[in-house]
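When a ligand or atom number is given, it counts from 1 through the structure's own listing order.
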Amino acid sequence: MAFVVAIDGPAGSGKGTITKIVGEKMNLVNIDTGAMYRCVTLECLNKNVKESDIDKILEILENINIELKKEKGENLVFLNGKDVTEEIRTTKVNENVAKFAAVKVIRDKITPMQRKMGEIQDVIMEGRDIGTVVFPDADVKIFLDCSLEERANRRYKQNIQKGINSSYEEVLESIKQRHKLETERDVAPFVKAEDAIYVDSTNLTIEEVTEKIIEIISKKKLEKNNE
Ligand code: DC
């Protein structure tokens with residue numbers, strides 16, 4: 001196994017932004033595992049397949065090709081050869097992804113793909129089950145948390161910037177719903193790994209969280225090199 005940093009945390013914890021910066025600074029390939037579940041969700045929505053239709057989902061999974069590429073400093077997501085970087089972030093996908101991410105056959109397909117990625121290169125992988133299921137032996141495990149209210153606040157501000165019209169209360173409710181689905185599902189529920197280092201980003205800036213995480217990774221790297 002190469003050097004693996006697992007970062008698990010809820011939506012809105014700043015995970016995506018921070019993982020990208022830390023990956024660049026520490027020369028680790030940044031892997032957004034949520035994007036993979038978003039691709040499967042998009043494909044199912046495009047083909048009108050429901051999360052309960054396991055046979056049809058299996059058919060889709062048999063032929064699916066998901067690629068995470070870095071081009072000109074940008075992280076791009078390709079689904080069956082098509083650039084879907086923007087399309088996987090639409091409200092429709094946001095509203096449906098937690099349901100599809102709870103389907104066992106989907107996780108059974110995606111998890112080995114993620115393991116393969118972490119075996120061939122040094123990675124910083126972000127998601128919900130990286131430190132618990134995908135890489136229980138990761139070199140570094142971080143659980144990046146944030147209060148529900150602050151996460152809703154961040155998402156609400158992002159929406160305004162994107163021109164999406166929704167009230168703070170609506171955003172808060174939708175984040176609560178997704179969190180419930182992710183933490184209460186039977187397969188790979190979103191929980192903190194016992195040995196993960198807990199970082200709370202509620203009252204910290206992106207720079208402060210980045211600095212903290214780089215410090216944690218650097219210390220572990222040094223320890224590993226001295227083993
Ligand atoms: O991080 P995100 O919001 O892009 O994740 C999209 C969805 O996928 C979200 O509902 C949680 C789920 N997910 C998961 O179940 N396991 C992962 N390793 C990553 C994401």
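What sits closest to atom 2 (P) of ligand 1 on the protein, heavy atoms only, is Arg128 NH2, 3.7 Å. The protein heavy atom nearest to atom 12 (C) of ligand 1 is Ala101 CB, 3.8 Å. Scanning all protein heavy atoms for the shortest distance to atom 9 (C) of ligand 1 gives Glu182 OE2, 3.1 Å. For atom 20 (C) of ligand 1, the closest non-hydrogen atom of the protein is Gly34 CA, 3.5 Å. Counting only heavy atoms of the protein, atom 6 (C) of ligand 1 lies nearest to Arg38 NE, 3.7 Å.
Inclusion of Tyr37 in the set of residues having an N or O under 3.5 Å from an N or O of ligand 1 is not warranted.
Taking a cut-off of under 4.0 Å to the non-hydrogen atoms of Gly127, the atoms of ligand 1 that pass are 17 (C), 18 (N), 19 (C). If you number the atoms of ligand 1 from 1 as listed, the ones under 4.0 Å from a heavy atom of Ala98 come out as 10 (O). Near Asp129, meaning under 4.0 Å from any of its heavy atoms, are these atoms of ligand 1: 16 (N), 17 (C), 18 (N).
Taking 4.0 Å as the cut-off, Arg107 counts as a neighbour of ligand 1 on heavy-atom distance. The closest approach between Gln114 and ligand 1 stays at or above 4.0 Å for every heavy atom of the residue. Look at Met36 and you'll find every heavy atom at least 4.0 Å from all atoms of ligand 1.
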